[in-house]
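These notes concern the structure reproduced below.
Numbers here are sequence positions counted from 1. One-based numbering, in listed order, for ligands and for the atoms of each.
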Amino acid sequence: MVTIPEYYEGKNVLITGATGFMGKVLLEKLLRSCPGVKAAYVLVRPKAGQVPNVRIADMINCKLFDRLREEQPDFAEKIVAVNSDLTQPDLDLSIEDQETLVGCINIVFHCAATIRFNEPLKDAMQLNVLATQKMLNLAHRMKHFWCLSTCPRLCPCDRELIEEVVYPPPSITGSS
Ligand SMILES: NC(=O)c1ccc[n+]([C@@H]2O[C@H](COP(=O)([O-])OP(=O)(O)OC[C@H]3O[C@@H](n4cnc5c(N)ncnc54)[C@H](OP(=O)(O)O)[C@@H]3O)[C@@H](O)[C@H]2O)c1
């Protein structure tokens with residue numbers, strides 16, 4: 001039996017959606033509670049004229065990271081921002097970045113998603129389904145993959161009891 005911090009000792013983690021609500025909490029908690037984490041690679045797209053590095057530097061200045069800053073003043077050195085738009089072919093990752101990630105990542109947390117329930121279906125598909133498939137393809141070349149999603153809980157809404165499993169899609173009947 002190993003403790004969670006022991007498990008993460010020396011590990012490189014990859015996080016998508018690190019600028020989002022869940023992703024930034026995960027990033028802070030992992031670095032704070034598992035100080036042995038070697039590095040956290042975060043896939044971030046440029047936004048509002050800001051490149052990924054600048055976005056992450058801004059984000060870790062927020063209050064959420066105060067305690068981590070106090071306990072581990074050098075924590076920012078462990079965060080590696082990688083330019084990536086998950087809806088683009090190959091996740092918009094350069095060949096070099098792909099090779100670096102495949103070569104060093106031990107654990108993937110895929111937190112990027114759109115959680116707007118009125119999103120046009122095409123856009124929701126692009127991010128929640130197709131980008132997840134692309135992340136899975138990349139992760140299959142690595143060691144572990146964890147997907148953070150409310151999908152298993154919210155989608156099978158026709159069931160009275162919903163368990164912590166991924167149910168098969170319902171079969172479509174009555175159409176030719
Ligand atoms: N919120 C909750 O209470 C909660 C609870 C349990 C599970 N979850 C699940 O956690 C996941 C994330 O939810 P959230 O609340 O954290 O969502 P969120 O705050 O909207 O964050 C979405 C993240 O996805 C990133 N993203 C969106 N499009 C992208 C793209 N094309 N390329 C790269 N990154 C992109 C966003 O980056 P930008 O900053 O660039 O937009 C942001 O970091 C979802 O699967 C949700 O179902 C959420």
- Note on the structure: Heavy-atom proximity to atom 22 (C) of ligand 1, picking from Gly17, Ala113, Ala131, points to Ala113
- Query: By number and element, which atoms of ligand 1 are closer than 4.0 Å to a non-hydrogen atom of Thr19?
  - Reply: 36 (C), 37 (O), 38 (P), 39 (O), 42 (C), 43 (O)
- Item | Closest approach of Leu31 to Gln72 (non-hydrogen atoms, all atoms of both residues) | O-NE2, 2.8 Å
- Would you say the side-chain atoms of Asn12 pair up with the backbone N or O of Asn106, donor to acceptor, closer than 3.5 Å? no
- With only distance considered, is Met22 within less than 3.5 Å of ligand 1 through an N or O on each side? yes
- Query: Is Phe75 close to Glu28 at the side-chain level, that is, under 4.5 Å between some pair of heavy atoms?
  - Reply: no
Donor-acceptor contacts, no H, no angles, side chain residues 33-50, under 3.5 Å, sequence neighbours left out:
from	atom 1	to	atom 2	distance (Å)
Ser33	OG	Lys29	O	3.4
Ser33	OG	Lys29	NZ	2.9
Gln50	NE2	Asp58	OD2	2.9

- State plainly whether one hydrophobic cluster holds both Met135 and Met125, where clusters connect Ile, Leu, Val, Met, Phe, Trp and Tyr through side-chain heavy atoms under 4.5 angstrom apart. no
- Query: Going by distance only, is there an N or O of Leu86 that falls short of 3.5 Å from an N or O of ligand 1?
  - Reply: yes
- Is Phe21 close to ligand 1, meaning an N/O of one under 3.5 Å from an N/O of the other? yes
- Message: Are any of the N/O atoms on Leu127, whether in the backbone or the side chain, positioned under 3.5 angstrom from an N/O atom of ligand 1?
- Response: no
- Within reach of ligand 1, part of Cys111 (heavy-atom separation under 4.0 Å): backbone
- Task: Taking side-chain hydrogen bond (donor to acceptor under 3.5 Å, both in side chains) as the test, write out the residues that go with Glu6, two or more places apart.
- Result: Thr3
- Gly20 heavy atoms within 4.0 Å reach ligand 1 at atoms 16 (O), 19 (O), 21 (O), 42 (C), 43 (O)
- Query: Should Leu14 and Val82 count as side-chain neighbours, where that means a heavy-atom distance under 4.5 Å?
  - Reply: no
- Is the closest heavy-atom distance from Arg55 to ligand 1 below 4.0 Å? yes
- Query: Quick check: does any side chain N or O of Ser84 sit under 3.5 Å from a backbone N or O of Leu91, one acting as donor and the other as acceptor?
  - Reply: yes
- Check ligand 1 against Asp85 and write out every atom of the ligand that is under 4.0 Å from a heavy-atom position of the residue. 30 (C), 31 (N), 32 (N)
- Below 4.0 angstrom from a heavy atom of Thr87, which ligand 1 atoms are there? Numbered from 1 as shown, please. 31 (N)
